[in-house]
2 protein chains.
Amino acid sequence: MRRTKAEAKETRQQILLAAEKVFYEKGVAHASMEDVARAAGVTRGAIYWHFANRADLVLELYNSLPMPQEELIARELEAENADVFGVLERVGREWLELLAEDEHRQRILSILLRCDHTGEFAVISERQNDIDDEHMQALEAAFVKAQGQGKLGGAWTPRSAASMLRWVIKGLCSEWLLFGRRFDIASEGKDALRRLFATYSAPTPST
Amino acid sequence: MRRTKAEAKETRQQILLAAEKVFYEKGVAHASMEDVARAAGVTRGAIYWHFANRADLVLELYNSLPMPQEELIARELEAENADVFGVLERVGREWLELLAEDEHRQRILSILLRCDHTGEFAVISERQNDIDDEHMQALEAAFVKAQGQGKLGGAWTPRSAASMLRWVIKGLCSEWLLFGRRFDIASEGKDALRRLFATYSAPTPST
DNA sequence: CAACATACAAACATCGCTGTATGTTAATTC
DNA sequence: GAATTAACATACAGCGATGTTTGTATGTTG
């Protein structure tokens, strides 16, 4: 029954797809490896060959998501006179559009939002937190630049602006994913970002 | 061994306190009822006498949190010339202060943030979603009123303003609770709310 | 002060699921 | 083309926890 390397990769992919489906429907905690195996058309042996355990399987599910090119964005912001708000707003919009189009991303992020974050799954949360931290640092740096250009108005600090942006995007995504995707996230997100960035550049109030 | 009614209530309270402690430290999924029983100084028998199962225990933990007087707030907003933004900003601030002071609330909300939301725990999430929905409706109604008073500027709609407010408060609380409470949520929250409400009343931009 | 209900403790019955160890077949490797 | 090893399937061992049932002593009620 030995399969060729290409077939093995195929099997691994099938397992990931099955895990996505089963975990999404039953929840990570309540789906057994046997459930996943059946959905993938293999036995648990195959799963334990490709993945160490359930936590590893979930982690690989997360890793299977292609992440947006952050370096490319960073380079765009390098220029002295870069339009920071323009770039950030566009990037945020693109992220929401990416999520709106990619059902795999939707399901995997839903799984992660709803699963337990303690014990063996803590590594996954930490992973997400690390990425989040990097994003925050990049965002804050960008807002520092905008501030240097005299474009950050109101009582905003780079940190407060970055936090607010992240909360809005996170809130938007969480609500959309956990609540049955009952609105057009791309268009509503576009509007929300529009309003938010408008407030960043508002003049400092006198009061 | 039969205890008096007062003693029974006492036992129930001890179990809730133990559950809070144990679930917070080990996570709902990885703590056994035996763990909770030991921490409470009783046997599992006592727990199953007072609570149907683990999900019920967690739900009662959530129910043990006194919720802010929403009717009182609603009444404050009833007046024709009510200062909607002033009231909402104050209520938000008070909520953050309440959380900052109450360690039980902190631990219980942390537990709920990190636990699995599928299967038997779905009822708890639904409960929270219902409350969230009510809040959103109340918020939206309040912003409608503000709009009627001509106070809602920018490109804000009552709904978008309400959503943004909720995302900010949720983001603030989640980040604080999940990330080790590493900042002064009351003071930083106050600032964030200040900035946010300032943007609500900003004049509609010409661009 | 019976009779009953309450508030638990202790014992029981399983049971699903996990991880591993072993078996088997077919690709690779040399 | 023999030896090796990759890619699984199958069989196994064992646990840890859950919900329930039974036991029992003590409040409570009429």
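Lettering follows sequence order; numbering is per chain, from 1.
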Nearest to the side chain of A/K5, heavy atoms from C-beta on, is which of C/dT28, C/dC8, C/dT18?
C/dT28
May I ask you to verify if any side-chain N or O of B/H50 is less than 4.0 angstrom from the OP1 or OP2 atom of C/dA7?
no
Residues A/D130 and A/R127 bridged, charged N to O under 4.0 Å:
no
Distance in angstrom units between A/E120 CD and D/dG16 P, rounded:
15 Å
On the side chain of A/R2, is there an atom forming a donor-acceptor pair with the base of C/dA27 - under 3.5 Å, no angle test?
yes
Is the positively charged end of A/R114 above the ring of B/F121, judged by distance under 6.0 angstrom from the centroid and angle within 45° of the axis?
no
Within the structure, does a side-chain N or O atom of A/T11 lie under 4.0 Å from either OP1 or OP2 of D/dC8?
yes
May I ask you to verify if any side-chain N or O of A/T4 is less than 4.0 angstrom from the OP1 or OP2 atom of C/dT28?
yes
Would one find more than 12 heavy atoms of other residues, nucleotides or ligands at under 6.0 Å from atom CZ of A/R159?
no
Quick check for you: among C/dA7, D/dT18, C/dA9, whose closest atom lies nearest to any side-chain atom of B/A8?
C/dA7
Please pick, from C/dC8, C/dG19, C/dC17, the nucleotide with the shortest atom-to-atom distance to any side-chain atom of A/N53.
C/dG19
Between P on C/dG19 and CG on A/L57, what's the gap in Å once rounded to a whole number?
11 Å
Under 4.0 Å between a side-chain N/O of A/R44 and OP1 or OP2 of C/dG19, yes or no?
no
Phosphate oxygens OP1/OP2 of C/dC8: is one of them under 4.0 Å from a side-chain N or O of B/W49?
no
Return the value, rounded to whole Å, for the distance between atom CZ of A/R12 and atom P of D/dA7.
12 Å
Note: for B/Y48 and B/A6 on DNA chain D, the residue whose nearest nucleotide lies more 5' is B/Y48
B/T43 side chain: which of C/dG19, C/dA9, D/dT10 is closest?
C/dA9
Side chains of A/E89 and A/K190 in contact at under 4.5 Å (non-hydrogen atoms)
no
